[in-house]
Amino acid sequence: SAFLSLINKVNPSLCEYAEAQEDQVLKIRLDVGQVQMKDGKPFITGNRLGIDNLLLQLHGKEIANPKHAKLPGADGPNPQLSSGPKSLEVVNQGSYIDLTGTRSIKLEDGAWEMIWRNNARAGALICAFNLAEEVKRNDAEIPKGRFYLTFPLWTSDSLNELRERKAKAEERATDAIERHEREVRLMQETNNPLMKAMHFRNACKAHEDLDYSGYRSYQKMPLERDMIHLEADVHLCSLGTIWTKKEGWFQDHVLLGSVTASPGMRDDLEKMSSVAEGKEPAALKDLHP
């Protein structure tokens, strides 16, 4: 129980990180399809469905509507690791193209949270929605109901530390690979049974050093991808996952695709507001003759 209480403690700065994201705007693109994971990154195979122009605004100081879509942290088995459900505004519903033309999706009951365990170098930002109607094109689909967007998070210190560790692990791995190749070559070239055995042993040791270098675990971390520098010195990875859960909180996660985020600007909000009100965006006025 002492071990569980230790690992189930929350990052003491989590509330500060979450509240600092008041009015943060994110432009979102969803890439839906059959997902395969390679080196810890999602790749879409087969038929694909792209959903563009989704614009989200986070409210770090506002609690989400009580009817919000359930979040895996705040509404899951370890709510103490969550910032709690935060208010999320869908400024612009995304759109996609099918055989009938351009169609809009309908996201409802949006909410978001941060999850960050104490002493963990990375956390996660999770957005939850209820999808009013199924979105589908060929085999690519997001079923009606609840789904999530998840992005990894780091601080500047933890990101720099992990990048340094990854670089050192890659150096160790490169050295081990070169030694393994050299010893295998020498083993094949010699006709001396004792030398052959020695080079074989050295090749095995190099292979073991490669396994223990740690490079494989760092390969799965998207540390070199574009980052969005949020408030409170938090970095959000631009690449995340789209997923849902089967009924019941202890059922398997189902990956639906990948999601790409970029920082939204105040101009995006003004443009969307003007369109919603039927006004012409200021940026377009000068285009008239």
Side-chain angles (χ1 to χ4, degrees), residues 2-9 11 31 33-46 72-73 77-78 81 115-126 150-227 234-243 250-260:
F3 176 72
L4 289 177
S5 64
L6 179 67
I7 65 171
N8 284 332
K9 286 186 177 180
N11 184 317
D31 196 1
Q34 296 295 316
V35 183
Q36 291 184 356
M37 300 299 289
K38 183 178 180 182
D39 295 332
K41 303 172 187 176
F43 284 84
I44 309 300
T45 62
N78 291 296
L81 299 180
I115 296 176
W116 211 315
R117 198 183 301 273
N118 192 29
N119 295 323
R121 294 185 180 88
L125 186 149
I126 303 173
T150 296
F151 299 92
L153 296 171
W154 294 272
T155 63
S156 287
D157 287 343
S158 65
L159 185 60
N160 289 334
E161 179 188 353
L162 285 169
R163 282 174 172 168
E164 289 175 5
R165 290 186 175 213
K166 180 180 180 181
K168 291 178 180 178
E170 288 175 343
E171 285 181 13
R172 293 193 296 268
T174 300
D175 175 70
I177 290 170
E178 290 175 351
R179 283 191 288 117
H180 182 268
E181 291 176 348
R182 182 175 65 250
E183 294 297 335
V184 169
R185 187 184 71 253
L186 293 172
M187 181 182 67
Q188 293 171 341
E189 290 175 353
T190 184
N191 292 319
N192 186 319
L194 292 178
M195 295 300 293
K196 194 178 285 287
M198 183 187 73
H199 291 308
F200 175 75
R201 184 187 63 192
N202 291 343
C204 290
K205 179 62 169 63
H207 193 278
E208 183 182 66
D209 290 344
L210 176 62
D211 287 339
Y212 284 103
S213 67
Y215 88 103
R216 288 192 177 94
S217 60
Y218 287 107
Q219 268 189 326
K220 297 178 181 180
M221 298 181 186
L223 302 176
E224 308 306 325
R225 289 201 63 85
D226 292 337
M227 299 285 170
V234 173
H235 297 261
L236 179 141
C237 181
S238 62
L239 178 68
T241 54
I242 314 166
W243 58 282
F250 298 100
Q251 299 299 319
D252 290 340
H253 292 191
V254 180
L255 276 174
L256 301 174
S258 64
V259 54
T260 305

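For the numbers below, each heavy atom of this structure counts, side chains included, while hydrogens, waters and symmetry mates do not. Since the structure is predicted, the reported quantities are computational estimates derived from the model, not experimental observations. Numbering of residues begins at 1 and proceeds along the displayed sequence.
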> Not counting sequence neighbours, list each pair that qualifies as a ring pair (Phe, Tyr, Trp, His ring centres under 6.0 Å) and has a residue in residues 175-197.
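Found H180-H207.
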
> Heavy atoms only: give me the nearest I126-T150 pair and the separation to one decimal.
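Scanning both residues, the minimum pair turns out to be CG1-OG1, 3.7 Å.
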
> Any idea which heavy atoms bring C237 and F151 closest together, and the distance?
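Looking at all heavy atoms of both residues, the closest pair is O-CD2, 3.4 Å.
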
> Please give me the minimum heavy-atom distance between A120 and W116, naming the atom from each residue.
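That closest heavy-atom pairing would be O-NE1, 2.9 Å.
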
> Please list, chain by chain and in numerical order, all residues satisfying side-chain hydrogen bond (donor to acceptor under 3.5 Å, both in side chains) with H235, sequence neighbours excluded.
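For H235, the residues satisfying side-chain hydrogen bond (donor to acceptor under 3.5 Å, both in side chains) (neighbours in sequence not counted) are S156.
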
> Could you grab the distance from atom OG of S213 to atom CD1 of I177, nearest 0.5 Å is fine?
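One gets 8.0 Å once the value is rounded to the nearest 0.5 Å.
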
> Test your reading of the model: is there a side-chain donor-acceptor pair from S238 to the backbone of D226, 3.5 Å cut-off?
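Side chain of S238 to backbone of D226: a pair is present.
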
> To the nearest 0.5 angstrom, please state how far the CG atom of L239 sits from the CE atom of M227.
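The distance works out to 10.0 Å.
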
> Hey, what do you get for CD (E178) to CD (E181), rounding to the nearest 0.5 Å?
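The distance works out to 7.5 Å.
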
> Would you give the length of the straight line joining atom CG of L255 to atom OG1 of T241, rounded to the nearest 0.5 angstrom?
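Between atom CG of L255 and atom OG1 of T241 there are 6.0 Å.
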
> Quick check for you: to the nearest 0.5 Å, what is the distance between T155 atom OG1 and R121 atom CZ?
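Interatomic distance, T155 OG1 to R121 CZ, rounded to 0.5 Å: 10.5 Å.
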
> Charged N to carboxylate O below 4.0 Å: is that the case for E161 and R165?
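Counted as a salt bridge, because a side-chain N and a carboxylate O are separated by less than 4.0 Å.
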
> So which heavy atom on I115 is nearest to which on G73, and how close?
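Taking every non-hydrogen atom into account, CD1-CA, 3.7 Å.
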
> With R179, which of T174, D209, N202, V184 fulfils side chain to side chain contact (heavy atoms under 4.5 Å, CB included)?
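Only one option passes, and that is D209.
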
> Enumerate, atom names and distances included, each donor-acceptor pair closer than 3.5 Å involving a side-chain atom of residues 190-198, sequence neighbours excluded.
unit_1: T190; atom_1: OG1; unit_2: N192; atom_2: N; d: 3.1
unit_1: N192; atom_1: OD1; unit_2: L194; atom_2: N; d: 2.8
unit_1: N192; atom_1: OD1; unit_2: M195; atom_2: N; d: 3.3
unit_1: K196; atom_1: NZ; unit_2: M187; atom_2: O; d: 2.8
unit_1: K196; atom_1: NZ; unit_2: T190; atom_2: O; d: 3.1

> What's the spacing between D31 CG and I242 CD1 if we round to 0.5 Å?
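Taking CG in D31 and CD1 in I242, the distance rounds to 7.0 Å.
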
